[in-house]
Amino acid sequence: MMTKPLTIKNLVKKFGGLTATDDISFDLNEGQSTGLIGPNGAGKTTIFSQIMGEYRQTSGKIELYGSEISKLSTPARIRLGVSRTYQVPRPFAEFTVLENVRVGLMPDSIWKMITEGPNVDREIELALSVGFSENDLRRTPDELSMGDLRKLEMARTMATNPSIMLLDEVFAGLTVGEIDQIAKLIQKMRSENMTFLIVSHDLKALEPLVDDAIAINYGKIIAQGSFASVISDKAVRTSYLGT
């Protein structure tokens with residue numbers, strides 16, 4: 001039996017008296033995409049933060065390719081191949097597009113960068129691969145559209161050479177054309193065997209990108225399975241879609 005890229009077992013996170021995630025269990029399949037949906041405050045981003053080690057779970061386990069990573073630091077998890085984007089892009093405002101991508105390359109390459117200098121060819125390759133033009137490379141974040149900021153997040157995440165990408169509201173604030181650009185990038189990366197967990201409120205954009213879906217509410221999984229079955233689930237329609 002093939003080992004799953006990511007396995008979540010009985011994940012619980014408490015903040016004082018608030019239970020943000022409550023006995024969450026699921027796994028991801030190699031080279032596939034899973035949608036993670038639910039209303040605001042359901043616990044989706046908290047799940048991402050626990051997977052990345054930004055929050056330590058109160059109980060439960062997180063396994064990467066069969067090995068538990070629950071006690072590892074965030075940089076250690078990144079080195080093992082899991083990385084994320086953020087709902088609100090977090091570029092370094094004073095850096096150019098190219099310099100922001102360089103930051104993503106640094107965790108595993110800092111000694112090499114000190115001794116040999118930056119890998120500019122790789123930085124340019126990553127920036128161009130997400131849709132930037134060569135003229136964009138010296139622009140700073142305040143000159144970028146929200147769509148470009150999302151692309152920059154993707155490039156910085158890809159710079160860590162992940163096998164699993166966690167995308168948090170990657171379509172939020174984008175135009176129809178920008179959504180199409182990001183969707184095509186995700187589809188391209190899927191064809192290269194990248195594994196995705198994608199949070200999105202834009203169900204229309206999400207549906208063609210995912211193989212299955214998980215719906216949560218109040219920190220609990222209320223439905224999981226095919227996208228169609230999850231969206232048609234009565235509990236999901238009541239809590240999330242309001243129908």
Using 4.0 Å as the upper bound for N to carboxylate O, is an ion pair formed by [Y] and [X]?
X	Y	result
R122	E125	yes
E30	K4	no
R237	D233	no

### Query
Is there side-chain contact between I198 and T34, with at least one heavy-atom pair below 4.5 Å?
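Sidechains of T34 and I198: no contact.
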### Task
Determine whether D211 and R190 make a side-chain contact, defined as any pair of heavy atoms from C-beta on separated by less than 4.5 Å.
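Yes, close enough: below the 4.5 Å cut-off.
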### Task
For T140 and A93, work out which heavy atoms get closest and say how close.
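In terms of heavy atoms, the two residues are closest at CB-O, 4.0 Å.
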### Query
Do any pairs count as a ring pair (Phe, Tyr, Trp, His ring centres under 6.0 Å) and have a residue in residues 28-56, sequence neighbours left out, and if so which ones?
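Passing the test, one end in residues 28-56: F15-Y55.
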### Task
Determine which pairs satisfy ring pair (Phe, Tyr, Trp, His ring centres under 6.0 Å) with at least one residue from residues 154-194, sequence neighbours left out, and list them in order.
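Of all non-adjacent pairs touching residues 154-194, none passes ring pair (Phe, Tyr, Trp, His ring centres under 6.0 Å).
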### Message
Using a 3.5 Å distance criterion without hydrogens, assess whether the side chain of E99 forms a donor-acceptor pair with backbone atoms of T96.
### Response
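At least one qualifying donor-acceptor pair exists.
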Strictly by modelled atom types, are [X] and [Y] linked by a side-chain donor-acceptor pair under 3.5 Å?
X	Y	result
T19	K14	yes
D136	S133	yes
T85	D168	no

### Task
Report the residues that fulfil side chain to side chain contact (heavy atoms under 4.5 Å, CB included) with S59, sequence neighbours left out, ordered by chain and then residue number.
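Side chain to side chain contact (heavy atoms under 4.5 Å, CB included) check on S59 returns V12.
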